[in-house]
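Notes for the one structure printed next.
Chain A is the first sequence line, chain B the second, and so forth, proteins listed ahead of strands; every chain is numbered from 1.
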2 protein chains.
Amino acid sequence: MDKVRQQMIQDNPAVRERLLGEALRLFTEKGYASTSVRELVESAGVTKPVLYYYFGSKEGLYLEIMNGISGLLDQRINELQQAGGTVRQRLLDFFSRLFVGARENIPAVRLAYAIYYGPPQGAPFIDFNRFFDTILVMVGTLVAEGVQNGEFRQVDRSALAWALVGCHSTIMEEQICRQTPRIGHDGLLSAIGLILDGAAAKNSAKELP
Amino acid sequence: MDKVRQQMIQDNPAVRERLLGEALRLFTEKGYASTSVRELVESAGVTKPVLYYYFGSKEGLYLEIMNGISGLLDQRINELQQAGGTVRQRLLDFFSRLFVGARENIPAVRLAYAIYYGPPQGAPFIDFNRFFDTILVMVGTLVAEGVQNGEFRQVDRSALAWALVGCHSTIMEEQICRQTPRIGHDGLLSAIGLILDGAAAKNSAKELP
DNA sequence: TATTATACTTACCGGTAGGTAAATAAAACT
DNA sequence: AGTTTTATTTACCTACCGGTAAGTATAATA
């Protein structure tokens, strides 16, 4: 294989990946229904039947992207292994890592949020509820442990879990929805820390790590 | 005017209102781009040029609905007069009323959220940022007052404001996104109360009202 | 009653939506 | 080299999109 041909292959991303990338970008920018197949393929530099060759339909392409995002979110959540330390430290670590992971995949996360909050707009249903549910359960488990081992006061466990998840969720949404977020990772840790300080039992009160 | 004709007029809602109502419903259910003018007018029981007669275009109809929603949100926020009492009581009252008002207008609020989080999908830009901004400022003002007058500890004011607004926002989103919300008004007050308990200065610690 | 204004209809417009058939080019295999 | 498989193209399909022209019906006014 000569060098020119070899270089062409290296410089030319696979058609399939190109379509996926452009579709994610356009679906994120414009929504499923407003993104036409025509502009998708133009953007990827191929012709329309190529899209149908690889994905069967516009919907097939969309589902492939959604499967990718779901897999990514599943992986990310699975990576949130429970580190050692106090419950407080583990919660701060949990939210910190969740936040950083999301910030590294803004387009995918933004699309997931748009689907969660928005109408289906002709796209097939994707269940993103379970990610939020999983996070709430994980936080609830840690909170219960903290209350049980005396690290936290005898607080309403559900209320504390919702307060923590809500705080994190809204600050993360700020990264998604604003060109220049008004609060970031440091602010997140401050707010989570403040809630945890308030929930701490008297003889185990801790400040920010 | 005979009775039969009179009854027909009374039973027949104005065409304009009917179009607005159906459009809000369909835009909320399906999104702007996936809702065709054809199904809008069918749903309202009129023909297509009637929509153009009253609103000029699909976009004109959409903007009219958005203006309605913006006006409603403005009005609701303005009604959140600062009641008397401690800062804690006022914050609980503020969030309670904000929550109840939103719950009374789920379709409008849901559409606003979808627009805030989602891509424009061919619809004209609507600035819903300012509502969230206004709420954050109002809460921030109350927090500052609480810290200043000694009711709250010397906490990071921004962190506390974001914690409170985030908690409220996520629980309110639960009303929007779930058929059967797992947490409601009572849970909101518990969670907000918990954060406020934690932020309270030692000699002014209060429990739920 | 005739005229004007308002409200609504039918039929139509140019353009675009997602998708496909047939043909061709390129790569892989025998 | 010939054949088969894979990848891609050109040209086309039906249905639908937002919007409009011309006409008609109804209500209000002079």
Side-chain angles (χ1 to χ4, degrees), chain A residues 1-24 26-27 29-66 119-124, chain B residues 1-24 26-27 29-66 119-124:
Chain A
M1 193 181 292
D2 64 2
K3 284 188 178 176
V4 172
R5 185 172 175 84
Q6 200 167 12
Q7 178 154 18
M8 275 176 60
I9 291 176
Q10 286 187 356
D11 287 353
N12 189 21
V15 168
R16 204 167 185 287
E17 296 305 321
R18 222 161 58 235
L19 275 168
L20 286 168
E22 288 300 317
L24 173 59
L26 287 168
F27 287 148
E29 282 177 15
K30 314 182 56 172
Y32 177 79
S34 283
T35 304
S36 70
V37 173
R38 181 176 307 200
E39 62 183 320
L40 272 175
V41 296
E42 269 178 28
S43 196
V46 297
T47 58
K48 233 189 331 183
V50 171
L51 182 147
Y52 293 93
Y53 177 79
Y54 283 104
F55 300 104
S57 61
K58 180 185 179 182
E59 186 166 299
L61 173 59
Y62 178 81
L63 284 172
E64 191 103 21
I65 291 173
M66 290 301 109
Q121 49 174 330
Chain B
M1 191 180 292
D2 63 4
K3 284 187 178 176
V4 172
R5 186 172 175 85
Q6 199 166 13
Q7 178 155 18
M8 274 175 60
I9 289 177
Q10 285 187 358
D11 288 352
N12 189 22
V15 167
R16 205 168 185 285
E17 296 305 321
R18 221 160 58 236
L19 276 167
L20 285 167
E22 288 301 316
L24 173 60
L26 287 167
F27 287 149
E29 281 177 16
K30 312 181 62 172
Y32 178 80
S34 283
T35 304
S36 69
V37 172
R38 182 174 307 197
E39 61 181 324
L40 272 174
V41 298
E42 270 179 27
S43 195
V46 299
T47 58
K48 233 190 328 186
V50 174
L51 183 148
Y52 293 93
Y53 177 79
Y54 283 105
F55 300 105
S57 61
K58 181 185 180 185
E59 185 166 301
L61 172 60
Y62 178 80
L63 284 171
E64 191 101 23
I65 291 172
M66 290 301 109
Q121 51 174 326

Roughly, in whole Å, what's the span from CZ in Phe55(B) to P in dA7(C)? 12 Å
dT6(C) C1' sits how many Å from Arg16(B) CZ, rounded? 14 Å
For the residue pair Glu64(B) and Leu20(B), what are the closest heavy atoms and their distance? CG-CD2, 3.8 Å
When rounded to the nearest 0.5 angstrom, what distance separates CG in Leu19(A) from OH in Tyr54(A)? 8.5 Å
Counting only pairs under 3.5 Å, give me each side-chain donor-acceptor contact of residues 39-49 of chain A, with atom names and distances, residues two or more places apart or in other chains.
{"unit_1": "Glu39(A)", "atom_1": "OE1", "unit_2": "Lys30(A)", "atom_2": "NZ", "d": "3.0"}
{"unit_1": "Glu39(A)", "atom_1": "OE2", "unit_2": "Lys30(A)", "atom_2": "NZ", "d": "3.2"}
{"unit_1": "Glu39(A)", "atom_1": "OE2", "unit_2": "Ser36(A)", "atom_2": "N", "d": "2.9"}
{"unit_1": "Ser43(A)", "atom_1": "OG", "unit_2": "Glu22(A)", "atom_2": "OE1", "d": "2.4"}
{"unit_1": "Ser43(A)", "atom_1": "OG", "unit_2": "Arg25(A)", "atom_2": "NH2", "d": "2.9"}

Roughly how far apart are Phe27(A) CZ and Gln121(A) CD, rounded to 0.5 Å? 9.5 Å
For nucleotides 6-20 of chain D, read 5' to 3', which letter fits each nucleotide if B means a protein heavy atom sits under 4.0 Å from the base, S means only the sugar-phosphate is that close, and - means neither? SBBBB------BBBB
About how many Å separate CE of Met66(B) and CG of Leu24(B), when rounded to the nearest 0.5 Å? 7.5 Å
